[in-house]
A.B. asks: 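Before anything else, here's the structure in question.
Start at 1 and go down the list; that is how both ligands and their atoms are numbered. Numbering starts at 1 and runs along the sequence shown.
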Amino acid sequence: MERAFADEIESLKLGEGETFRGEGILAVTKALLQSGVSYVGGYQGAPVSHLLDVMVQARDYMEELGVHVEACTNEAAAAAMLGASISYPVRGAVTWKSIVGTNVAADALSYLSTAGVMGGALIIAGEDYGEGASVALERTHAFALKSQLWMLDPRPDLPAIVRMVEKGFELSEASSTPVIVDLRIRACHVQGEFAARANRAAALSTRHRGAAAGFDYERLSHPPATFRQEKHKVEVRLPAARRFIAEHRLNETFAGDLDGVGIIVQGGLYNNLQRALQMLGLADPFGASRVPILALNVVYPLVPEEIVAFCAGKRAVLVLEEGQPEFIEQDIATTLRRRDQVAEGTSGTPTKLHGKDLMQMAGEYSAELMVQGLQKFFAQYEPQLDLAHGARWLSNVAGIRKQAAELLGAPLPARPPNFCIGCPERPVFAALKIAERTTGRPHISGDIGCHAFATFEPFSMGNSILGYGMSLASAAAVGPMMAKRPLAVMGDGGFWHNGLLSGVASSLLNKGDAVLVVMKNGYASATGTQELISSPPKEARDASGKSTAHADRTIENALAGLGVRWVKTVHTYHVAEMQKTLTEALTTDEGGLKVIVAEGECQLERQRRARPETARALAAGERTVRVKYGVDEDTCTGDHSCIRLSGCPTLTVKDNPDPLRRDPVATVIEGCVGCGLCGENAHAATLCPSFYRAEVIQNPTLLDRALRSLRNLVVPA
Ligand code: SF4
Ligand code: SF4
């Protein structure tokens, strides 16, 4: 696991009135326990990984409270867990990264929302949108509208977030509808504090078990019940939700003296708006704004009466809604248009509505962009305002950017992410690059996971990425049209998430002829090295710092069980063998699916385990050996083919020490973990003989010292 959460687990135990300090997503975790959840599930992914990781690590405490925690194999499985709240008055929550996770969960969510729930059901969705996003930029909001799931978008402030989680359960129960708590990246990681309440043990839990519910056809999302359920959604549940939202004041109105105008903002954008108003001289650093604000902590459903009341008497209102399409703005426009009569009755003329006409349609709404949009809005409706401070701030920001560009002399080079130093997946792409010299480049279907770094230099491999575990499925239509057999890559995380069924079973059913490389590094590494069904056994891992991924053959057994005949397991660092196997898979006359299980434990996880062990051994005065690779600068030709084949950040260049040669030479810098790829590449690709392998011995024995003295006689130190 990426991180140990010992301190965070202690803060989950805080009692009534004690102060919780920490980040937003951990506050959500505490709020779930304060709300008396019976079960929590999910699939990890930024920015909500920590919720599930903490719960998994806090298993003992969860057992004490009677909370069932399930690390699901995908988001569909997590969404299906909420089915427990359909028939029982139990509260439950699931979590995943959105939009990707919501896509996967969509089937179960449709049926869940149709049936409706008895116990509060929350979906904590990590909205991975904006400049830091790692997925396709779409809005979870669309799913909320489609399935009529209520959606909260809390202000990034710990007390507000905690209140929304607690009220979210109540809203779900009051309207028999699952609720999405949409948490943006900044809301998940915002730091703060709140006064904790005591955790509540649920009446029905793993400690207090109950009887199975009686049969009730109306609780099944199955026709003809579904016809009645659809009507019930709009005629009963929606009005009930709106009543609850209004009565409990889930949305917040902030007054201001410029009451001829107003801003309606998604709760999650509230902090950026405050910053923008502050830069314009229209708010103080503590959040007091001169402009009235309606912060929508609930973005679906909107409460028409609240919208009308806020707009009453205002000449114009600006809607700040990040992403597209502009669902909220359209909703508000419909409400205002239908109630022109109301607006006219209070102000004489209908309130003018602005939003995407003044703000950019797509992308993250930074404070800078908001200042620009607000300038246009105020210029039209409050022209007397002195906004010079905002203009100066914008020009300062632009000036700093310009100055930085001038100092650099050129735009900053792109710095895409890369495989970790010593990553076991890098050698597979090196081997593929060498194999392509004879096979030519096949169509390569990429996937989600660390191996997607191969789409960057120096490999630039991958023709598509269509979802987690979907690479083999996305090669299905390509293969029959290509002269060369296509190749699909997926991780072991993707294999279990979706790849086994969507890819392997489908290929077998359709007698596909493709090559699949499964990166068996032992964990769902890209999301923080969470465990999989095929993770190496813990005992073996704890005993030594060596890779023990060989210890598990669950993937190979599953493939054999489905009937895949051509399966070869190859250690990733054996580049020559990997190259030979790839060549064979791509060129053999044998039809059908060919799977290469590329085995090599995630280096991050391995180092995490090895480092404390090495530190302990050093402290105890024990002999330790560290392997390092290096380049003999006298032999290096300076053609850098080794770098083009590896891309390891610790294999880089330095000035040529030979005054007669100008090309920089390759060099290995501090940080090399001695994975061995440099030597393997040099051998497999018949590169120049510049690489050497060195052993750094600490706490040497008498024999080590004697050997060194002997060597020094022939090789000067
Ligand atoms: S986390 Fe593991 S698998 Fe992912 S890039 Fe790093 S070493 Fe490779
Ligand atoms: S041996 Fe080469 S590839 Fe491996 S960590 Fe060292 S420099 Fe990087």
A.B. asks: List every atom of ligand 2 that sits less than 4.0 Å from any heavy atom of L677, numbering the atoms from 1 in the order shown and giving each element.
C.D. replies: 3 (S)

A.B. asks: Would you say the rings of F419 and F453 are close, in the sense that their centroids are separated by under 6.0 Å?
C.D. replies: yes

A.B. asks: Using the six-membered ring wherever Trp is involved, compare the ring planes of F459 and F429 and label them parallel, tilted or perpendicular (cut-offs 30° and 60°).
C.D. replies: tilted

A.B. asks: Could you list the atoms of ligand 2 found under 4.0 angstrom from a heavy atom of V673?
C.D. replies: 5 (S)

A.B. asks: Within a radius of less than 6.0 Å around CZ of R708, do more than 12 heavy atoms belonging to other residues, nucleotides or ligands occur?
C.D. replies: no

A.B. asks: Please state which protein non-hydrogen atom is closest to atom 7 (S) of ligand 2 and give its distance, to 0.1 Å?
C.D. replies: T650 OG1, 3.3 Å

A.B. asks: List the closest protein heavy-atom neighbour of atom 6 (Fe) of ligand 2: residue, atom name, distance to the nearest 0.1 Å.
C.D. replies: C672 SG, 2.4 Å

A.B. asks: Distance to 0.1 Å, residue and atom name: give those for the protein heavy atom nearest to atom 2 (Fe) of ligand 2.
C.D. replies: C678 SG, 2.2 Å

A.B. asks: Which of the atoms of ligand 2 are close to Y629, meaning less than 4.0 Å from one of its heavy atoms?
C.D. replies: 1 (S)

A.B. asks: Of all the heavy-atom pairs spanning V653 and P664, show the shortest one and how long it is.
C.D. replies: CB-CB, 4.1 Å

A.B. asks: To the nearest 0.5 Å, how far apart are CZ in F495 and OG in S471?
C.D. replies: 11.0 Å

A.B. asks: Using a 4.0 Å cut-off to any heavy atom of N521, which atoms of ligand 1 qualify?
C.D. replies: 3 (S)

A.B. asks: Kindly check if the number of other-residue, nucleotide or ligand heavy atoms within 6.0 Å of CZ (R565) is above 12?
C.D. replies: no

A.B. asks: Can you spot which of Q44, E8, M55, E23 makes a side chain to side chain contact (heavy atoms under 4.5 Å, CB included) with H50?
C.D. replies: E23

A.B. asks: Does D655, at its CG atom, have more than 12 non-hydrogen atoms belonging to other residues, nucleotides or ligands within less than 6.0 Å?
C.D. replies: no

A.B. asks: For atom 4 (Fe) of ligand 2, which protein heavy atom lies nearest, and how many Å away is it?
C.D. replies: C675 SG, 2.4 Å

A.B. asks: Which atoms of ligand 2 are found less than 4.0 Å from any heavy atom of I421?
C.D. replies: 5 (S)

A.B. asks: Quick one: CE on M578 to OG1 on T572, what's the gap to the nearest 0.5 Å?
C.D. replies: 6.0 Å

A.B. asks: Counting only heavy atoms not in R644, do more than 12 sit closer than 6.0 Å to its CZ atom?
C.D. replies: yes

A.B. asks: For atom 6 (Fe) of ligand 1, how many protein N, O or S atoms lie at less than 2.8 Å?
C.D. replies: 1

A.B. asks: Select one of side chain, backbone, both or neither to describe which atoms of C648 lie under 4.0 Å from any atom of ligand 2, heavy atoms only.
C.D. replies: side chain

A.B. asks: Of the options E605, E601, Q607, which is the one that meets Q603 in a side-chain hydrogen bond (donor to acceptor under 3.5 Å, both in side chains)?
C.D. replies: Q607

